[in-house]
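Okay, so here's the structure we're looking at.
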Number of protein chains: 2
Amino acid sequence: MLEGRWKLVILFHLFGGQVLRFSDLERAIPGISQKMLIQQLRQMEKDGIVSRIVHHQVPPKVEYCLTQWGQALCPALDALLTWAAQREAMDGGNPAAAVRN
Amino acid sequence: MLEGRWKLVILFHLFGGQVLRFSDLERAIPGISQKMLIQQLRQMEKDGIVSRIVHHQVPPKVEYCLTQWGQALCPALDALLTWAAQREAMDGGNPAAAVRN
DNA sequence: CAGGATCCGCGTGGATACTG
DNA sequence: CAGTATCCACGCGGATCCTG
């Protein structure tokens with residue numbers, strides 16, 4: 001359910017109860033295409049991890065945030081961030097390597 | 001670094017300081033091919049997550065375990081397990097869905 | 001603005017056979 | 001036992017164009 005190149009990246013942006021618009025996410029994640037963004041969001045919505053809030057108005061406005069079940073992922077995401085931080089704190093390794101992924 | 005279909009599955013088996021042989025992992029992970037197993041192990045070895053211990057003898061014996069840096073992933077893996085467990089504890093949803101992945 | 005629809009390359013991953 | 005070598009399908013993900 002968390003596989004794929006973008007899932008975790010998206011989740012990290014929704015981390016901590018953030019509510020973001022489609023375009024916000026698009027701008028926040030350089031390199032992602034609209035197709036991938038919507039595709040991954042839809043899958044996670046289907047899996048009950050993120051919820052989609054449509055505001056009926058023009059221009060359209062759609063927001064995304066974590067569901068309650070998605071919020072439960074926060075400790076795990078946090079642990080992953082801690083892990084990545086440890087990596088950078090390590091000696092020789094180049095710091096970019098941990099970020100690049 | 002954790003992407004791909006098998007990385008996490010393999011890590012879950014090396015969880016808690018387990019030291020396993022190649023064939024142990026192969027048997028423990030139904031459906032994985034030798035190619036994928038060795039490929040993913042090599043990548044994680046290169047990333048410094050798992051370490052490869054070769055015992056020079058016949059028949060060959062090679063063991064795999066987490067490096068110190070790999071051990072640092074345990075809290076994160078644990079959080080993910082907790083997350084998955086919460087899923088199953090939830091009402092309506094079919095329990096298989098959380099496992100299937 | 002928030003997508004939908006298409007086309008397409010290329011890498012991931014599966015199956016099988018072979019080896020030191 | 002612990003890999004290596006090869007072939008190949010499929011689908012992920014990128015690019016581009018279109019729409020309510």
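Quick note: numbers below take in every heavy atom, side chains included, and nothing from hydrogens, waters or symmetry partners. Predicted model, so just to flag it, every value in this text is computed and none were measured. So you know, we letter chains A, B, ... as the sequences are listed, proteins then strands, and number each from 1.
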Per-helix bend value, the helix from C/dC1-D/dG20 to C/dG20-D/dC1, C1' rotation axes over five pairs per end, 10° rounding, shows 60°
Are B/Leu81 and A/Met1 connected in the hydrophobic side-chain network, where two residues link if heavy atoms are under 4.5 Å apart? yes
Its 5'-most and 3'-most nucleotides having an atom under 4.0 Å from a non-hydrogen atom of chain B, DNA chain C is contacted over C/dG13 to C/dG20
Residue pairs meeting salt bridge (Lys or Arg N to Asp or Glu O under 4.0 Å), one or both in residues 67-86 of chain B, sequence neighbours left out, come to none
So side chain to side chain donor-acceptor pair (under 3.5 Å) across residues 35-46 of chain A, not counting sequence neighbours, yields A/Lys7-A/Gln43
Residues in residues 30-46 of chain B with a heavy atom under 4.0 Å of DNA chain D, by number, are B/Gln34, B/Lys35, B/Ile38, B/Arg42
Sorted by number, residues from residues 57-67 of chain B placing a heavy atom under 4.0 Å from DNA chain C are B/Pro60
Across all chains, not counting sequence neighbours, the side chain to side chain contact (heavy atoms under 4.5 Å, CB included) partners of A/Leu11 are A/Leu2, A/Leu8, A/Met44, A/Ile49, A/Val50, A/Leu66, A/Leu73, A/Leu77
Contacts satisfying salt bridge (Lys or Arg N to Asp or Glu O under 4.0 Å) that involve residues 15-31 of chain B (not counting sequence neighbours) are B/Asp24-B/Arg27
In short, A/Pro75 meets B/Ala79 closest at the heavy-atom pair C-CB, 4.0 Å
DNA chain D: first to last nucleotide in contact with chain A (atom under 4.0 angstrom from a heavy atom), 5' to 3', is D/dG13 to D/dG20
Residues 70-90 of chain A vs ring pair (Phe, Tyr, Trp, His ring centres under 6.0 Å), sequence neighbours excluded, gives A/Trp83-B/Trp69
A/Ser51 side chain to A/Thr67 main-chain N or O, any donor-acceptor pair under 3.5 Å?
no
In numerical order, the residues of residues 16-27 of chain B whose heavy atoms come under 4.0 Å of DNA chain D are B/Arg21, B/Phe22, B/Ser23
Applied to residues 56-65 of chain B, the side chain to side chain donor-acceptor pair (under 3.5 Å) test, sequence neighbours excluded, yields B/Arg52-B/Tyr64, B/His55-B/Glu63
